[in-house]
Amino acid sequence: MTRIDGVETGGIITETEAYAGIRDRASHAFGERRTKRTEVMYRAGGVSYVYLCYGIHYLFNVVSGEQDIPHAILIRGIYPVVGIGKMLERTGKKKPGYALTNGPGKLTKALGITLEHNGMKLNDGDLWIEDRKLIVGEAEIQTAKRIGVAYAGDDALLPYRFVFDYQKHIQKKTPRSGEQDVQ
DNA sequence: TGTAGGATCCACT
DNA sequence: GTGGATCCTACAG
């Protein structure tokens with residue numbers, strides 16, 4: 001969830017990737033690299049780590065480790081729920097649906113996340129994660145290899161990508177509710 | 001001080 | 001299915 005200029009936008013997190021601290025070659029913190037940019041990863045969990053990739057896209061991570069343990073979770077995709085109109089406006093899209101925020105670069109754009117949110121606490125401020133009391137069975141979470149980290153060698157093969165099919169989840173609970181056009 | 005490369009998206013073929 | 005956009009960071013000299 002974000003609140004930018006008083007407008008709330010957000011959704012259900014559906015896709016994440018784990019970055020396992022200093023021994024994960026795909027992580028910016030690999031080899032205990034510690035720079036101005038990665039410094040925030042070494043902080044105690046519960047803060048955001050936002051950075052720019054390819055000069056165009058912001059990527060949103062959640063720092064999850066203890067102090068000095070640079071673990072982070074990359075939020076790769078969400079299912080838009082709150083402030084859809086605003087998100088459509090930000091992304092220039094016309095139709096609501098999963099396609100609105102199904103990529104790490106797109107979701108930050110839709111939510112209005114920028115470098116200003118780097119290092120922000122996630123329980124206090126304009127960027128946060130809520131417990132929506134979703135009960136998600138293990139069978140609903142699929143694991144897969146991570147994306148775009150082929151350079152990381154063997155670490156690229158680690159099943160650190162987690163996908164939650166919110167569409168299926170909804171259909172199971174409320175089979176007759178009006179579904180939105182998706183993809 | 002300069003340069004190479006990256007956890008991506010979009011338009012075009 | 002493929003390639004270009006685009007810019008910050010890290011690292012080398």
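So that the names make sense, note that chain A is the first sequence line, chain B the second, and so on, each numbered from 1.
Between A/Tyr58 atom OH and B/dC9 atom P there is a gap of 15 Å when expressed in whole angstrom units. We find that OH of A/Tyr54 is positioned 13 Å from C1' of C/dG3, with the value rounded to whole Å. When the P atom of C/dT9 is taken as reference, atom CG of A/Leu59 falls 14 Å away, rounded to whole Å. Atom CD1 in A/Ile56 sits about 9 Å away from atom C1' in C/dG4, given to the nearest Å. Nucleotide B/dC9 holds its C1' atom 14 Å from the CG atom of A/Leu100, rounded to whole Å. Distance A/Met41 CE to C/dT9 P: 15 Å, rounded to the nearest Å. One can place NE2 of A/His28 at 9 Å from C1' of C/dT9, the figure rounded to the nearest angstrom. In this structure, A/His57 places its NE2 atom 13 Å from P of C/dA5, rounding to the nearest Å.
Aromatic ring orientation, A/Tyr166 versus A/Tyr79: tilted (interplanar angle from 30° to 60°).
The A/Arg37 side chain lies nearest to C/dA10 when the options are C/dA10, B/dT8, C/dC7. Nearest to the side-chain atoms of A/Leu52 among the listed nucleotides C/dC7, B/dT8, B/dC10 stands C/dC7.
As the counterpart of C/dT2, B/dA11 is assigned, both hydrogen-bonding distances of the Watson-Crick or G-U wobble pattern falling under 3.5 Å.
The side-chain tip of A/Arg23 does not point at the ring of A/Phe30 from less than 6.0 angstrom away and within 45° of straight on.
Here A/Tyr58 and A/Phe60 keep their ring centres 6.0 angstrom or further from each other.
Residue A/Arg33 places no side-chain N or O under 4.0 Å from the OP1 or OP2 atom of C/dT9. Put simply, A/Lys93 has a side-chain N or O that comes within less than 4.0 Å of OP1 or OP2 on B/dC10.
Under the 3.5 Å distance criterion, with hydrogens and angles disregarded, a donor-acceptor pair is assigned to the side chains of A/Tyr49 and A/His28.
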